[in-house]
Each structure stands twice: as structure tokens, then as C-alpha cells.
Amino acid sequence: MSNENGAIISTPEPERQSMEVDIACVGFGPAMGGFLTTLSRGLSNADGTPAVESAVSPGMPPQVVCYERADGLGFGVSGVVTRARGIRATFPGLDASQIPMATAIKHERVLYLLDPIGASRRSAALRAADLGIKAWGRLLPWYRDHALELPYAPAFLHKKGGLVLSIGQFNQWVGEQLMAGGQVQLWPGMPVSQPLVDGDKVVGVRLVDQGVAKNGAPDAGYMPGMDVKAQLTVVADGPVGAVGRALDERFGMPEGHHVREWAVGMKMVVDLPEICTLPEGTVFHTFGYPEPEIFGFMYVHPGRVASVGIFVPSWFDSPIRTSYLYLQHYVQHPYVWQYLKGGKMRSWGAKSLQESGKRGEPRLVGDGFARIGESSGTTNVLTGSGVDEAWASGAQLAEGVLELLHAKKPFTRENLEAAYVARRRASWVEEEGLVAEKARDGFGRGVVTGLLGMALSGMTKGMLNLGPEPVPPHERLGSIEGYYQGKIPTAEVARIRDECRKKGQSLAAALMRRAGWPDIPYDGQLLVTHQDALLVGGKVQAPGGYADHVVFLQPAVCESCGSKTCIEICSAQAIAPGETGGVPAFDREKCVHCGACLWNCTQALEGETTNIAFRAGAGGLHSAEN
Amino acid sequence: MDTILFLSHTEQDGKLPRAGLEALGAAKELAQALKATLVAGVFGKVTQPAAAQLAGTGAARALAVTGADFADARYATDAAAAEALSRAAAPTIVIAPGTSRLSRVLPAVAHRLGGRVDTHATAVAAKDGAPTLTRWFYRQRMEATLKRTERPWVVLIDGGCHAAVVPDGGAPALEEVPVAIGDAQRRTRVTGFKAPRSDAQTIRPDAKILFVAGAGWTKKQADGKPHVEEAEKLILGFLGATKASLGSSKSLVDLSGEGNAVLTFMSHLNQIGQTGATPRHPKGLATCCHGEEPHVVGWRFINERRAVNLDPNCGWARGKADVVYVADAFEVVAKVNALLK
Amino acid sequence: MSGYQIVVCGSIVPDPLQTLEPVTGPSGPVLKNELMLPAVLDPWAGHALYEAANLAAKTPGSKVWLVSLGPKAKVQQVMMAVGQKVPFELVALDGPAGGFVDAHETAAALADAVKAIPGIDRTKLLVFGGWESASRGAGATLQILGERLEIHDQFQGVDQIAPQADGSLEILERVEGGQHQISVVAGPPALLGWATGNLPEPRNNPQVGMANMRGIMPALQKSKPAKVGTGDLQYLAVTLPKAQRETRVVKNMPTDEIAREIVEWISKD
């Protein structure tokens, strides 16, 4: 039995504890960091007395609790370059050396990578361009190692004056200060299953049940998830967060808004070899390889450490778009490999990115709730920037909340509109988000159109844009047979599919090998098996007593699904062919909670929801440097 | 000049435990290397049979604390005995076996003597005329060699790290050291032992081979179904035929702990690596294991290692085992069991 | 009997699943990136804490303290996870949590902290801790701590404690051969170094968290620097083991032959 948000309700309903706080917060990332840091500073006076009063504990400062799904505050997954405008506004004298792995950006390069292997799928236009570059490349000072460094990159792509960060370490740093301040409570390892909605008002959140079997049924030590009643619920649980998505379902998206553009960001943190002389603060942005649609990056942190990774976007129409394999090919590109050869993978991780940006903006506020961060549509898809915008949105909400607390005004939709949304609309986040809103539409027509579209939007400040409105990912993806038409005969695809199902494996490795991609020369250092990657630098952990968070809603729909993109896209091989080959099997002990299965399911149920439910779940990677 | 005290309890039969003979070997060698005086000290309900085992070690004195109060492994009385022996010998270095009984009391005795203690030593040696010690840190993940300036320095040596001495010649006479025991030291009574159920499979320290069962045994097999009962039968069959010690990966133990329908004879006592044991055996066979550091520390001290795994690149096998058979463990163990019958 | 006073000594350690590497610091060996690594309550200390909470819950009038030595910021981080599990009062000592310090110095600092807990009554005192740790694995700290507190009923490798009707405590300790030694101690004070015990990890409870955190933050704020160092220890070398073996990978060998080879290998002495 499930309620309107799809959450399992055990029958009979057990006795459920509840408690009251002033502000309940969901998800601890950059947006929540910005919110809580700004809020904390305003809750008490310099002499320690409450500056504003709690509604639930009179005489006390407001009770603020934040629940984070992952087991640690630093177990986020991202290494970023950011202009850090919002972050610096909060910390004016910010000294990057106080944050481990942080450094100022010193050199930025944008590179077009050619295909040294000949296995990637390139359009005729791109092939022609490649031929030209190869023919004339040696005359160009910008061409070497199958890579063309763009002699000019538009300003909107630059992060001048910004920072290279490990979000894991940044989160830890922010969290430490918040905890030490004692104004707010941060509770990692505590997933929130859903918002509590009373009529049209959000009245708090419900935490996940503990002591349940994988299917959610009560088991040894059963403890129903507590109801945390709050005057205000602040939702910052990211693009695949259960609470944010439940609100979208319950209240609907604003007219013309939707989240149809996504990407998997996957990266590894690498100890660079001794001989590598790249200075810290070096940043590469690449495109063109391993597939033209896949963007890549390398950021050099202090201490001869680099973050290296790729983005596999939803408009890359391969139904077998396995990020890990592409990442392995990416790092072996001669231009990248020259720096990495002899290096060692320290950790690895993946996350989904909401790439709809402003167009994916949900209802930012309602009675009793406010949304901040990535799932509130802050990401700027033109500049490829999200952390800074997320932080700024959190800080803006905090300013608004303090204003309402001082004025003793309730957290109604109108009051939050005036105090928070108005601040956001008047800020650079909104201004630049509007410029970027349609900047990537061109990719719907192909890479070349996409790049031209980005340039056009960037140059005209969003006045002119190329390309159609995006369609949901499941409407784009064709069949595997169709994708490989002309490269692999249909009968052979069927044979490979059958073989892989018997072995319980995804198709990606077999099909890519057949399509001309070479085997990975494992070295046990940087090139390790996908399974070994799950075990380095902190390993995936899945505490017992929680329900599986990936659920295949209607088995019959999976049975008839031919592509099973969920298996192929899975960042951690946590989804594998099922017992009979029909419904895939999910192994929580491998899941890194990237949420890619959610938006890669090709089987639409109603509206834009698909046959995979991605719920709030415990565990995941235990790496604090991603 | 150094005086080295070899210190051990005796077993119920009055003889030294095997680990004691090993530590005695280490003490004897160290005494020779440092040109130190070796003194032996033993305690227990009966000690005389141990005298013969001290023969040929070159011990200048052999001390004993003997009596019914020292029959059981009890902190207060054991500490009193060990303290008395140490004070009588006035050593600069104490070498003792890392049995559960001595591990319980010797750190405290070192404190009473105003000295220092190190446990879990894997080797002692002389360097430039001074003793050094080798032990592992961070759960067997890094090995350190260290020395100390404070004396006496009490060192507990892990079992299986040194060759046992072979007695040679006549037994020395034991000098009894008197120890008075009062009621305050008898607040604890040892009432018995609880042995594992006869069908329970535990780590057997004396086994020639360690069989490591990984979580793969409970996962779906080629036909898409798990075969837990068959896995149990195969593993128990192998253990029965080889008298192997059974170790397990943490993930498999955890699965069992959560009441999953998995290997019923498995408990936390079987866990190796991480928070589990790092047992010492001449050989180890890992099956269906997958993992990296720190899981693999579970067989840090296994000399010859082989693995059966479907994935040749598995972290348990590649670079960690001498041989990895890329094969289905169900089939291989079934065949092995048949051959062993 | 009006309950026990259970003082659990539990240090923090790097999450055991992280990659650990030694480097030389200003005063001896340290872990590379030690302060960047996520920390956890030492697994054995964790078992001790959960056993303490369980015993306290079953014995009215009992109270649990957690005495934790570690860098303040790291202890704070760990308390966010541990604080949700079971009720306790934190006593924080701001000092190093690395594995290369001397157990004697750690024990001295812990002993001072235990003695300074207001209202500690020896006739109710049970000192708990882990018999091992994932850092130093000294296997000595608790014993020395016990001596400093003049507790002469000590147990190591404990898997079970059972209060008896007469006020005595039955304790099961791990000994050789997979056996447990059963002892009965007349009553507190006693010191127990825990192995794994038999309890599952408690569920995260937000109310327990809220209640604990009221005491945790002040305890962290007033945590005193603890002078804990390597003492007289001198490290001559700290190395990672040469983990790589030349592995012979046997592929495509018939099962019969693999079995024969394995049996031959097992039988060989």
C-alpha cells in the first residue's frame, strides 16, 4: 500500500513518534551550508541571548535541525571549480588554505579532444573537422596529443578568480563551524522519506523507517520513521531527493517548467604521479571524447591531487551510456594520460546533475516550505556552475527567514515570497539563470548545434537561442538495435543480450568492445575494475535495517522493456539483470545514490514519471574528498 | 647490561603454552644478541613441568609462583604473580607470549613496575646493541619498527611469530617466589568455559589452512537464484574434510547478523579483516570474496594464498594471492570435497 | 542497587575503509591527510558504548558517560553520528587520536578525565572500552587506565555481561580456541575491554540525538587539551607492507583439474 507520494505505509500503521522544531532542513549540501551559516549568525545576539525566539520552545532561540541522508556531512560527490561569489559574500576574507583541497584557480584551458581510437560516434561534420585538424594540426601551436586547445574561450566559460574545491571537504569545513556555533543541529545518516503535508501546507517531514526489510516490511528492531513537525521546512535534497520530488508531485511545477535535462557526473580523485608538474589550480575543460557528447574535466588540487571526470548528458542518445567505461577511456586519452600515467585512484564517485537550470525551477515556496539549491533550479547551464548559485540561494533564504522571525511573521507562501523569492529574483543568480535558461537547447539537435547554441546564448545574453524545447529523456532514447544500426547486426545484439543476461551483466562492455572500443588495460592503480572502484577510498556502505531505495514500480513494465537503460547507466553496477531477465535486480551494497536510474528509465507511467522510484535511502560512498 | 625476563603462565598440566615456547625462543635469541642475562619466570597452579622446557635456554635463574590461587586466568592474582616475578628478576626487558591471559595483565604490570609495554609484537631484535620491536598499526595495515628508552620494557609477542624452543639438557631448579593473595584479589571467580557448539565453525588457530568464505556464496548463481543451502553443505563439507579454520568477510557476517537466510553457522567470531581477526595459518583459500584493503588484511598473515573467483581482477586475488582460479567456487569446492573423501 | 555508573572510553579512528598511508610528521609518524579522513568511533569502543547503554537501560538509575580523546573538530563530527544512537554524556579531551601515540600517555589522560567526572562513585563504577582499536591496537590502554583508577578486576575480549541477582556480574571473555572464559565478579568497580558483544548497532533516534546534543556541544566547548604524545617511543621505520604478490591467474582450466591442484596443494606440508 502506498500513499499519494508513493511512500510505503506499513499496515497496520505502527505507533510513530513525533517531535516539534522550528525549522526542519532536508539535505546538507552547498545550499544548506549557505542557509545555515547565514541563519546561525542571526539567531543569537553577541552576548549569547536569543536574537529571535523559538515558537516551539519559548525563551529559546529557534530549534533548527538538518537531516542529511549520507553517513557523513562530507560524503557529497563533486569536485568543482566555482567563481565562489556567493561563498565569498558569506566569508569575505575566505582563506582557501583553511579548506583542505581548496585552491585558487590559476590556469584554465578549454580543449577539443579528437578520437585517437576511432570508436566514438561522430557526425559527418565532426569527422570532417577532425580530418582538417589532423591534417593541419601540426602547423598549429595549440594542437598536440590529439587535442586542440581553444586559443579563445568565451568569458562565460571562465571561472577567473574562483576556486577549485572538493565539495566533500568544503561541506565538512562548513559543517564543523556550524556545529561549533551550536545554533543548529546537523544529523547525517538520517534520510528523510517525505514531506508532511496538511491540506496545502507543509508541516514538517517524516524520517525513514528503520529496522525494516529490503521491501520496507517491519523487521527486527522496527522503528517507524519519526515525524518532525516544523514551522518551516527547508528542502535542499538535490535533484533526485525524495522530499523535493514529492513536493513537485504534490504541488506541480510552474507553467512551462520541467526537469528533462540531466547528466551523470562521474569522477575520480587521483594522486598524480611524481613526474606530473601541473601546478595546483590548473583547470581543463574538455569536449569531443570519448564521445562528442561527453564533456570532461580535470582540476588540480593542492598536494599533487587531481579530480578527473566526465559528464554523460541525457541528450547523449546511447541506450548503453555506462559512465564508468567512458571515464576509463577518457583518462586514457593521450592528452589526459600524459598527466595521469603512473597516478593512483584515491577515490571515485558519481552524481546526477539537474541540467534544466532555471527551466527546472519548481515552486520555490509554499505555506510552510521553501526550496533552495540544485533542485530549486539554481544551476547555471551556460556557465556550468551550480555550487555558488546553490550557496547564494541558501543565504538568500536565510536572510528572508531572519527577517520573518524578527517581524514574528508566520512562514506562509506570501511571506516567503516577499522575504525570499523577491531576494532571489533581484540577485545575480536569477539574472544569469535567465540568460542560461535556453542555452543548451541546441544539443537536442546534436553536438555541433549545441555548441553553437551555447555560444549564441552566451554572446547575446540569452536573447537568441538555438534549438527546440527539450523532451523527457525517455522520449529521446531509442532501442539498442537502432543505436548500433550499421555497426552491429540486430541478431548479434540479441546474442550479446542473451549472454549478458545469463552472466548477470550489463551490455555496455560487450557492445562497446564490439563497436571498436579496446579492452581496459587494468593496472590496479588508476585503471581498476568497476567493482574495485566501489571499494577504494571509503567504499560503498549500506547499513542494514533500511528499505531498498530503488524500486521497480510495475514489474510487468520492466518485463516488456527492451533497453533496460537503468542497468547500463547504473554508476555502480548496483542494478543488474534480474533472475528471469525481466525485472532488474537492485543491490543496495553497491549503490552510490547517484539517482541516474530515475531519469534513465525509458518506461513512462503517467506524465513524466517513470517506472523507477528513487526513494530516500541510507548509506552510499564513504569518501569525504569527492 | 640488560636482564631479560621471559615471563609466562603455565597450562593446567604445568607446562608452558605453545606461544610461551615461541616467546621463550625470541627471548633466548634476544639475550644472545644483546649479551644479556636471561631469567625465566613462570606462574600457575603447577609449574614444575615447565622447568624441563626451560632446559638449554641459558637462563641464569628460573623463578616460579605456584599455587591454587594461580590456577585460573584472573586479573588480580595473575597481575600479582607477574609483578612479583618481575620484581624478583629486576629485568630491563620482559618478553612474554601474547596469550589472552598475559595480554589481560601485563600492561598493568608494566605500569606497576614504572615501565612501558608493547603488545602484539611480531619480532624483537637487537640493533646497535639496543632492542627493537616490530608490530603492526591500523589493523595490520602498516608495520613499524620501534624502540623505547624507558625500562623495564614489557613486550608481548603474538603467537605464530617465532619458532618454539626445543628443550635441550637438564631442567633448571625453580626458585619459588612467595606471593600473598588476599580476599580482595579473589573478588573474581572463574566459573568455567563456554565452548562453541560442536557444530559451530570458528577460527581454529592450529589449523593448517584458513578457508575464507565471501558474500558471493549467498549471491545469485548462474541460474539466477541463490543456493544458500548448497553453499552451507559445500563449506561444511570442506571444513569437515580438511579441519580448516573458517573465516569470513565482514559483509557475509553482517548479512548473517541481520537474520538473512544465509550461512547459519557464521557469526562475528568468524570475521577476518577490518574489525575481525587476522589469523596466522600456513595456507589460505579464499572463495567468492571480493574486497580491497582493509578487508584483505584478513589474510595478511597467511603464507600461501589461493583464491577461487569468477573475476580475475578481483581485489582479493590479484596481487594478493599466489594463485587465482577463475572458476565457479560451487563447482570447484564440490569437486575438491569429492576428492578429499 | 541504584544503578551503575558506566564510563566508556572510546577514541575516534579514521573510517577503517579509507586508504591509509603513513608519513613522517614533526613529532613522529602520522597518517597522510589524517585530518581529511572521515572519522568514526572506534568499532570496538562502539560495541562497548552500545553494551553500556543496553546495560544502563536494563538497570534503573544507571548513567553512561563517553570519554573521548581526539581532535575537537573530529570528535564533534563523530558525535553527529554516534549521538543519535544511545543516550550518554560526553566528556571530551582535545588531543591527538592517531595510532602512533603511547598507550601509557593516553591512559594517564583518560584516568584524569574519569577521576574528574563529578559524582563518580567507585561502588557503582564500570569502566568500559574496546579491547582493540582500529588505530594503535595497543591492547594496553584500558589495563593501565584500570591500574591508575585502582580497579583490580579487569576483563578483556568481553562479549557478554550479565548482572546476577546477588549484585555480582557474570562476564564472558574470549580466550584461545574459540572459547569464552566465564567469570563472576562480586560487583563494581570493574573494567571491561569489549570484543564485539552481541548487540546490533542501535537505530538512529532523532530524539536521543536532540537530548544528547544539549550536552555534547557544551562538553566540546569546555574540552581540555590533553597532552598525549609518543612518550619514549622512537619509530625507526613505518612502512606499508609489500602487498603485491605475483599472482598466477588460472583461466580456462577444467574444474576437475582445479580441484585436483587444490587438493594436492592442501595435502602438501
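Order of the sequence lines fixes the chain letters, A, B, ..., with proteins taken first and strands second; residue numbering starts at 1 for each chain.
Looking at C:Leu169, neither its backbone nor its side chain comes within 4.5 Å of chain B, counting heavy atoms on both sides. Using a 4.5 Å cut-off between heavy atoms, B:Ala79 makes no contact with chain C at all. With a threshold of 4.5 angstrom between heavy atoms, C:Ile151 approaches chain B through N, CA, C or O but not through any side-chain atom. Only the side chain of B:Asp118 comes within contact range of chain C, judged by heavy atoms closer than 4.5 Å. Proximity to chain C (any heavy atom under 4.5 Å) is shown, for B:Thr145, by both the backbone and the side chain. Using a 4.5 Å cut-off between heavy atoms, B:Gln185 does not touch chain C at all. Of the atoms belonging to B:Ala19, not a single heavy atom falls under 4.5 Å from chain C. For C:Ser133, the part lying near chain B is the backbone, with the side chain staying farther off; criterion is any non-hydrogen pair under 4.5 Å. Using a 4.5 Å cut-off between heavy atoms, B:Thr134 makes no contact with chain C at all. For C:Trp131, no part sits under 4.5 Å from any heavy atom of chain B, backbone or side chain. Heavy-atom distances place the side chain of C:Pro14, and not its backbone, under 4.5 Å from chain B. Using a 4.5 Å cut-off between heavy atoms, B:Phe238 contacts chain C through its side chain alone, with no backbone atom that close. For chain C, no part of B:Val109 is nearby; none of its heavy atoms comes within less than 4.5 Å. The part of C:Leu31 that comes within reach of chain B is its side chain, from C-beta onward, which places non-hydrogen atoms under 4.5 angstrom from that chain. With a 4.5 angstrom heavy-atom cutoff, C:Glu132 touches chain B only via side-chain atoms. Residue C:Pro22 touches chain B through both its backbone and its side chain, counting heavy-atom pairs closer than 4.5 Å.
When the candidates C:Gln179, C:Gln234, C:Met253 are compared by the number of heavy-atom contacts under 4.5 Å with chain B, C:Gln234 comes out ahead. Among B:Trp136, B:Phe193, B:Tyr75, the residue with the largest count of heavy-atom pairs under 4.5 Å with chain C is B:Tyr75. In terms of heavy-atom pairs under 4.5 Å with chain B, the best-connected choice from C:Asp256, C:Val263, C:Leu236 is C:Leu236. Among C:Leu233, C:Leu172, C:Val185, C:Asp232, the residue with the largest count of heavy-atom pairs under 4.5 Å with chain B is C:Asp232. Counting heavy-atom pairs under 4.5 Å between each of C:His152, C:His104, C:Glu21, C:Gln156 and chain B puts C:His104 at the top. The choice from B:Lys194, B:Glu304, B:Glu331, B:Lys127 that makes the most heavy-atom pairs within less than 4.5 Å of chain C is B:Lys194. Of the listed residues C:Ile266, C:Asn252, C:Thr239, C:Ile171, the one with more heavy-atom pairs under 4.5 angstrom with chain B than any other is C:Thr239.
Checking each of C:Phe155, C:Phe128, C:Trp44 against C:Trp194 for a ring pair (Phe, Tyr, Trp, His ring centres under 6.0 Å) leaves exactly one that passes, namely C:Phe128. Among the candidates C:Leu37, C:Leu35, C:Val40, C:Val13, the single residue satisfying the side-chain contact (heavy atoms from CB on, under 4.5 Å) test with C:Lys74 is C:Leu35.
Taking the salt bridge (charged side-chain N to carboxylate O under 4.0 Å, His left out) definition, one finds that C:Asp159 meets it with C:Arg174, sequence neighbours left out. In this view, B:Arg186 and B:Asp69, B:Asp183 satisfy the salt bridge (charged side-chain N to carboxylate O under 4.0 Å, His left out) rule, not counting sequence neighbours. The ring pair (Phe, Tyr, Trp, His ring centres under 6.0 Å) search around C:Tyr50 returns none, not counting sequence neighbours.
B:Tyr325 and C:Glu261 share a donor-acceptor pair across their side chains, judged by distance under 3.5 Å alone. Remark: the B:Asn303 side chain and the B:Lys283 side chain contain no N/O donor-acceptor pair separated by less than 3.5 Å. Side-chain contact of B:Ser100 with C:Glu176: a donor-acceptor pair under 3.5 Å is present, judged by distance alone.
Salt bridge absent: C:Glu264 and C:Lys268 never bring a charged side-chain N and a carboxylate O closer than 4.0 Å. A salt bridge does not link B:Asp322 to B:Arg306: none of the charged nitrogens lies less than 4.0 Å from a carboxylate oxygen. A salt bridge is absent between B:Arg74 and C:Asp153: the closest approach of a Lys/Arg side-chain nitrogen to an acidic carboxylate oxygen does not fall below 4.0 angstrom.
Once rounded to the nearest 0.5 Å, the distance linking CD of C:Glu173 with CD of C:Gln160 reads 12.5 Å.
Aromatic ring pairs are classed by plane angle as parallel below 30°, tilted from 30° to 60° and perpendicular above 60°; the pair C:Tyr235 and B:Phe137 is perpendicular.
Other residues, nucleotides and ligands place more than 12 heavy atoms under 6.0 Å from the NZ atom of C:Lys115.
For residues 139-150 of chain C, the interface with chain B (any heavy-atom pair closer than 4.5 Å) comprises C:Gly139, C:Ala140, C:Gln143, C:Ile144, C:Glu147, C:Arg148, sorted by residue number.
When atom types are taken as modelled, the side chain of B:Arg148 and the backbone of B:Trp153 share no donor-acceptor pair closer than 3.5 angstrom. With hydrogens and angles disregarded, no donor-acceptor distance shorter than 3.5 Å links the side chain of B:Lys147 to the backbone of B:Pro131.
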